[in-house]
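Let me begin by presenting the structure, written as structure tokens, before commenting on it.
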2 protein chains.
Amino acid sequence: MTRVLIVEDNRDLAYGLRNNLEIEGYDVDVAGDGAEGLGRAKATRPDLVVLDLMLPKMDGFRVLRALRDDGLTMPVLVLTARGEESDKVRGLKLGADDYLTKPFGLLELLARVEALLRRAGPRAAAETIGELEIDRSTRSVMRSGSAVELAPKEYDLLIALADRNGAVVSRLELMRQVWGYSDAVITRTIDTHVAELRRKLERDPAQPRHILTVRKVGYRLKR
Amino acid sequence: MTRVLIVEDNRDLAYGLRNNLEIEGYDVDVAGDGAEGLGRAKATRPDLVVLDLMLPKMDGFRVLRALRDDGLTMPVLVLTARGEESDKVRGLKLGADDYLTKPFGLLELLARVEALLRRAGPRAAAETIGELEIDRSTRSVMRSGSAVELAPKEYDLLIALADRNGAVVSRLELMRQVWGYSDAVITRTIDTHVAELRRKLERDPAQPRHILTVRKVGYRLKR
DNA sequence: ACGCTCCTGACACGTTCCTGACATTTCGCT
DNA sequence: AGCGAAATGTCAGGAACGTGTCAGGAGCGT
């Protein structure tokens, strides 16, 4: 499923956008300020970012620059207040892909999101990680050619790891992304699910080659 | 350039559509009532017509019939108000190619326009999904050669799944596309209709081979 | 009035998920 | 090198959840 991150401090607007994007079938994440937006973008690597320029903590320009400096290349659709031409110029230099001036029509936003994603190229039908194949359009996973049945949580967990491109994902991040909690981790929930994933995906679950433990931090998915 | 004619009396909607179709690269013409629409269609012979049913001067049905009587065979996408089931049947008999129930998502309209134009080449070709055959021009479905009678909702549901080319369609998307609601799903409506579809389309409804459940998300139509 | 379609809520069933207890491994420290 | 504490692996039971199924009833067109 295509994932969109909205970075917008106006709660009503953010909520409205999320609703409508979700109806269109996107998987939507929302951040309420610039710092949080940058963090979530780096963590979850969405397919597209809708970025307001006026933001608390860290304004849109800095977020955009930080994103690009981090090597993230997903399209960014910038929301700008009316008539701030100079913003456009400045933003374009920093690597925004499209602009929308407030107030804007919802249909226009949806059309632009769609256009940007199309221009960015259709997402690969199936990504390959070692001997694993993940097809997000059907939420199905194969190991060296044969289908593997994953429970919803297991699939979500795998995706959370796969999205990080081999980097470590902390327990806290997993809790937030997969479980939607923000609490610290005290139970064995994550470990249990990792174990189950290993049982299903690894040749030798005792000697995992893909889902690796990073002690005191979390897990990572080696490609 | 591909030319699209919009026949719609609601100016806001018409302009919104025109804007977005133009962004997509179409050459768009707009007519504000039925008589004007018929005239422009005959004069300019667009590649596709988007036709509202409720129109001043001459309603959509009469426009459609007049078009077909005149030997014009371009695909026609009909816009119909919610819950006017009989309109669908009536329109289909007159030669419409696809339906969209208001309120509809813009992306859905764009997708259907593209789909219709793509199909316009090999015209009236029935699509084949496994042992199923769907003929949209007659809203009829066959399973391994013999006709299957589907209720309107069942057919719409099948189409919504078929349009996604094997990918998962979430419950929310189904609610929106087939039922025109945008609310969260709490009742068993979707499941019941899926069950009925399976009963009619699957050899063994208990072990569906085409209409698959994707737990916690929705359903998908395997080809 | 009849039949068809559609929606709804109740129930059944299997799956999934979480939790806490216990086992094992890892690593810092002496 | 050995010890102990902390972190992780493993397991099983029960609760919670999601879906399949059904029957009843409302709505609509014939």
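A note on names: the letters A, B, ... follow the listed sequences, proteins ahead of strands, and every chain is numbered from 1. These numbers come from a predicted model, not from an experiment.
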Give the rounded distance in Å between these two atoms: [atom1] of [X] and [atom2] of [N].
X        : N      : atom1 : atom2 : answer
B/Asp191 : C/dG9  : CG    : C1'   : 13 Å
A/Met175 : C/dT19 : CE    : C1'   : 11 Å
B/Asp156 : C/dT5  : CG    : C1'   : 13 Å
B/Ile186 : C/dA10 : CD1   : P     : 12 Å
B/Lys153 : D/dC28 : NZ    : P     : 13 Å
B/His193 : C/dG9  : NE2   : C1'   : 14 Å
A/Leu212 : C/dT26 : CG    : P     : 13 Å
A/Ile190 : C/dG20 : CD1   : P     : 15 Å

Categorize A/Thr189 for me: base, sugar-phosphate, or nothing, with a 4.0 angstrom heavy-atom threshold over every strand shown.
base
Does the Lys NZ or Arg CZ of B/Arg18 fall within the cation-pi geometry relative to B/Tyr15 - under 6.0 Å from the ring centre and within 45° of the axis?
yes
Are the charged groups of B/Arg164 and B/Glu173 less than 4.0 angstrom apart, N to O?
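Yes, charged N to carboxylate O under 4.0 Å.
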May I ask you to decide whether A/Glu131 forms a salt bridge with A/Arg203, counting only side-chain N to carboxylate O separations under 4.0 Å?
yes
Pick the closest DNA chain D nucleotide for A/Ala206 and for A/Arg215 by heavy atoms, then say which residue is nearer the 5' end.
A/Arg215
Both B/Ala195 and A/Val217 contact DNA chain D. Which one's nearest nucleotide lies toward the 5' end?
A/Val217
Tell me which nucleotide among [options] gets nearest to the side chain of [X].
X        : options               : result
B/Tyr219 : D/dC22, D/dT19, C/dT5 : D/dT19
B/Arg188 : D/dT8, C/dG9, C/dT5   : C/dG9
A/Thr192 : D/dA7, D/dT10, C/dG9  : D/dT10

Please round to the nearest 0.5 Å and tell me the distance separating atom CZ of B/Arg220 and atom OG of A/Ser140.
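Reported to 0.5 Å precision, the distance equals 6.0 Å.
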Give, for atom CG of B/Leu201 and atom NE2 of B/His210, the distance between the pair rounded to the nearest 0.5 Å.
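So the gap between those two atoms works out to 8.0 Å.
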Where each residue is assigned the nucleotide of DNA chain C containing its nearest heavy atom, which of B/Glu154 and A/Leu150 is assigned the position nearer the 5′ end?
B/Glu154
Return no unless some side-chain N or O of [X] is found under 4.0 Å from OP1 or OP2 of [N].
X        : N      : value
A/Arg171 : D/dT8  : yes
B/Trp179 : C/dC7  : yes
A/Thr187 : C/dT19 : yes
B/Thr213 : D/dG20 : yes

